Engineer: 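First the structure, which I've put down as C-alpha cells, then a few questions once you've had a look.
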Amino acid sequence: MVEQLIIFSLGRASTSLSARKFHTSLRIGFKMPSYHVWTVGCQMNESDSERLSSGFSKMGFESTGDIATADVVVLNTCVVRQSAEDTATGMLGRIGKRMKGNDDRMIAVMGCMVGPEQSELKRRFPYVNVWARPQEFAPILELAGMKHGLDPEGCLSGAVPENPNVASFIPIVHGCDKFCTFCIIPYRRGRENSRSAFEIVHEAELMVARGVKDITLLGQNVDSYGHDLRPRIDLADLMEQVQEIDGLERIRFLTSHPNDMSVRIIEAIRDLPKVCEMINLPFQSGDDTILANMRRGYTSSQYLEKAFLIKDMIPEVSLTTDLIVGFSGETDAQFEKSMDILRAVEFTKVHTSEYSYREGTFASRKMNDDVERAVKKARKVAVDELQQEIQGKNNAILVGKSFDVLVEGRKRGRLHGRSRGDKLIYLNVPDGLGVPESQVGDTVSVEITDSSPWSLEAELPVTQAPDERGQVKKEKVPVV
Ligand code: SF4
C-alpha cells in the first residue's frame, strides 16, 4: 500500500536531497517556492490536504495563505453534491484566468472531481498541470519538485502532518463497497481498502508526539474497517490498539453504515475509556420504498432498532445522522416518515442535504430527479426547524452540568472546544484575562452556563487568575 511506504520513509526525509537543497538555499538567501492547498468537502479531504501540505513542507516549499501568488496551487475537490462541484469548478475557472500566460506557476487538482476517466476534465480545464485521484498525491509533488528543483523522495503521499491540530484525522479505510444508488463516492474513491493496524497505530503515535490529543478515525464506511485484511480485524480491535497510546485522550470515528455497526463496536465504544460516546449513523430516509431505491440495505424499523440498541447500551451517546430530502419520487407522505424518525430518535445533530443528481450514479441512469427544487428546499427548512427545536430543548437541559472540554482554538475573544460527545462549547474568558494562548490543547472541566441549539457556553474556571505580571498560569488550570 502507498501509505506503508510513506510512514517508513519519513525518517529519510530529513536527510534527503530536498532537505539539503532547502538548507543550502536558506544559506544563500533564495526565496523558496510557495504552495497553497485549497480544500472543499469532507474530513477525508481535510486529512488528505494536511498530508499533502506536510509533503510540500518536507520538500522545502513554503506555505502561503495567498492563492493569488502561490507558485503551486492545489485544489482538493468534492463532487458529492452539485453545490460542492460548482464551488470547485468556479474556483478552478478563476485560478485559471489568473494563471494564464504564467508558465512558472503550477496548478493541480485532486480529490473526488478526479475519476479514472479524465479526458473531459482535461478538455474543459487545459491549463491544469496535473490531475491526481484521491489520496494519490505523488504526481503533484513530483511535478512541483521537477519545476522547482526539489526532490520529493521521502516526502510522498500519506505523510503524517507536521503541525497537526490538537484534534486531527487519520484515514483508516479508503473507498466504499456499498454503491448506494445516489452516491458518486465508490466511483471516485474506489472499493474499500483498509490500511494495516500497524501503520495506523504508528501514524497515531507520531501525531500524538506532535501534540494531537483527539484522533478521528476516518472512512467513508468506517465500521467495515478490516474486513479485507488478513488476519481479519475490525474497528473494535483497532480502537483497542489505538487506545494504548500514551498521551492520546480521545478517539472518534466517522462515518458509519447502520448495517456494519456491530454490537462488538458498540461495546467497544461503551467500554474503552478513550473512545468518545458519539456515533454518526446516517439514515438518509424514513421511508422503506425510498430506502430500497437508494439501495441502503435496511428498512426504517431496522434502522430504529439499531439506533435504540445503541441508546440502550450507551445512554449518554451523542447520535448524529445524515438525511437526504427530495430523492427521486419522494412524496410528501414519504418525507413525513423521515420527520417521524427525527422525532423518535432526537439526534444531537443532523446533516441534511437536498438530493443532488450525480452523473454516473445508478440513480442518474435509472431514476428521475423529479422533486422540484422549491419542494426540496421547503423540506430542508422543515427538517432544520424541527431539529433546531429538538437541539434547543436538549441543549437547555445541559445548563448547570459539567463537561470536560478539550480546547481546540480561539475565536473573537473566546476559546472553544468540544466535549466527548462532540458538543461545541465556547469558553468565555473572565474580564481582564485576555485569551490565554496556552489553553489550546488543554482539557478543562467547566460548568455549562448557557445554551443554544448549536452550542453551549461556559466560563473558564476562576482558578485561572493572572499572576502579578498579568500572565495566566497554565499550571493553575484544572487539567483532567
Ligand atoms: Fe456513498 Fe456512504 Fe453509500 Fe458508500 S455507504 S455509497 S459512501 S452513501
Side-chain angles (χ1 to χ4, degrees), residues 40-48 76-85 111-116 133-135 169 171-195 216-228 234-235 253-262 265 279-300 302-303 306-307 319-328 330 338 341 347 349-367 369:
V40 65
C42 64
Q43 292 90 347
M44 193 67 97
N45 269 14
E46 262 183 62
S47 171
D48 289 349
N76 192 358
T77 58
C78 170
V79 291
V80 140
R81 283 193 279 281
Q82 188 62 47
S83 55
E85 183 166 355
C112 286
M113 186 189 273
V114 190
R133 299 198 60 196
Q135 279 104 38
F169 306 107
I172 64 168
V173 48
H174 298 304
C176 181
D177 288 352
K178 290 281 189 283
F179 288 90
C180 301
T181 58
F182 56 83
C183 185
I184 193 74
I185 295 282
Y187 303 94
R188 295 299 163 89
R189 291 195 176 253
R191 306 299 291 261
E192 284 168 13
N193 181 8
S194 302
R195 300 175 64 196
T216 301
L217 305 173
L218 288 180
Q220 250 74 40
N221 192 16
V222 74
D223 41 7
S224 74
Y225 171 78
H227 73 90
D228 52 338
D234 68 5
L235 182 62
F253 57 92
L254 271 177
T255 286
S256 303
H257 189 288
N259 288 359
D260 292 326
M261 175 51 65
S262 65
I265 296 174
I279 301 174
N280 179 249
L281 199 69
F283 77 94
Q284 307 296 15
S285 170
D287 180 80
D288 289 346
T289 304
I290 297 284
L291 284 171
N293 289 344
M294 288 176 164
R295 212 194 276 142
R296 287 292 290 175
Y298 51 82
T299 63
S300 55
Q302 285 167 333
Y303 179 89
K306 189 63 65 80
L319 203 55
T320 64
T321 198
D322 299 352
L323 165 64
I324 295 172
V325 295
F327 185 67
S328 302
E330 187 188 63
S338 294
I341 297 230
F347 295 98
K349 216 186 285 171
V350 177
H351 309 280
T352 314
S353 35
E354 296 163 31
Y355 172 57
S356 181
Y357 167 97
R358 302 285 65 209
E359 194 68 48
T361 58
F362 184 85
S364 76
R365 296 194 300 274
K366 303 285 183 192
M367 299 173 203
D369 181 11

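Both counts, for ligands and for their atoms, begin at 1 and track the order of listing. On a predicted model such as this, the values are computed, not experimentally measured, just so you know. These numbers come from the heavy atoms of this one structure, side chains and all, not from hydrogens, waters or symmetry mates.
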Engineer: With sequence neighbours left out, write down each residue that passes salt bridge (Lys or Arg N to Asp or Glu O under 4.0 Å) with Asp322, or none if nothing qualifies.
Structural biologist: none
Engineer: Is Arg191 paired with Asp228 through a side-chain N to carboxylate O contact shorter than 4.0 Å?
Structural biologist: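 Between Arg191 and Asp228 there is no salt bridge, as every charged N stays at least 4.0 Å from the carboxylate O atoms.
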Engineer: Below 6.0 angstrom between ring centroids: does that apply to Tyr225 and Phe253?
Structural biologist: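 No, ring centres 6.0 Å or more apart.
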Engineer: List in chain and number order the residues that pass side-chain contact (heavy atoms from CB on, under 4.5 Å) with Ala307, two or more places apart in sequence or in another chain; answer none if no residue qualifies.
Structural biologist: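 Here the qualifying residues are Tyr303, Leu319, Val345.
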Engineer: With a 4.5 Å heavy-atom cut-off, do Glu192 and Gln220 have their side chains touching?
Structural biologist: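 The answer is no; the side chains never approach within 4.5 Å.
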Engineer: From atom 1 (Fe) of ligand 1, how many protein N/O/S atoms are found at a distance short of 2.8 Å?
Structural biologist: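 Every protein N, O or S atom under 2.8 Å from atom 1 (Fe) of ligand 1 counted, the figure is 1.
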Engineer: Salt bridge (Lys or Arg N to Asp or Glu O under 4.0 Å) with Asp223: which residues, sequence neighbours excluded?
Structural biologist: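 Residues passing salt bridge (Lys or Arg N to Asp or Glu O under 4.0 Å) with Asp223: none at all.
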Engineer: Under 4.0 Å, heavy atoms only, figure out whether ligand 1 is touched by the backbone of Arg296, its side chain, both or neither.
Structural biologist: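 Side chain only; the backbone of Arg296 stays clear of ligand 1.
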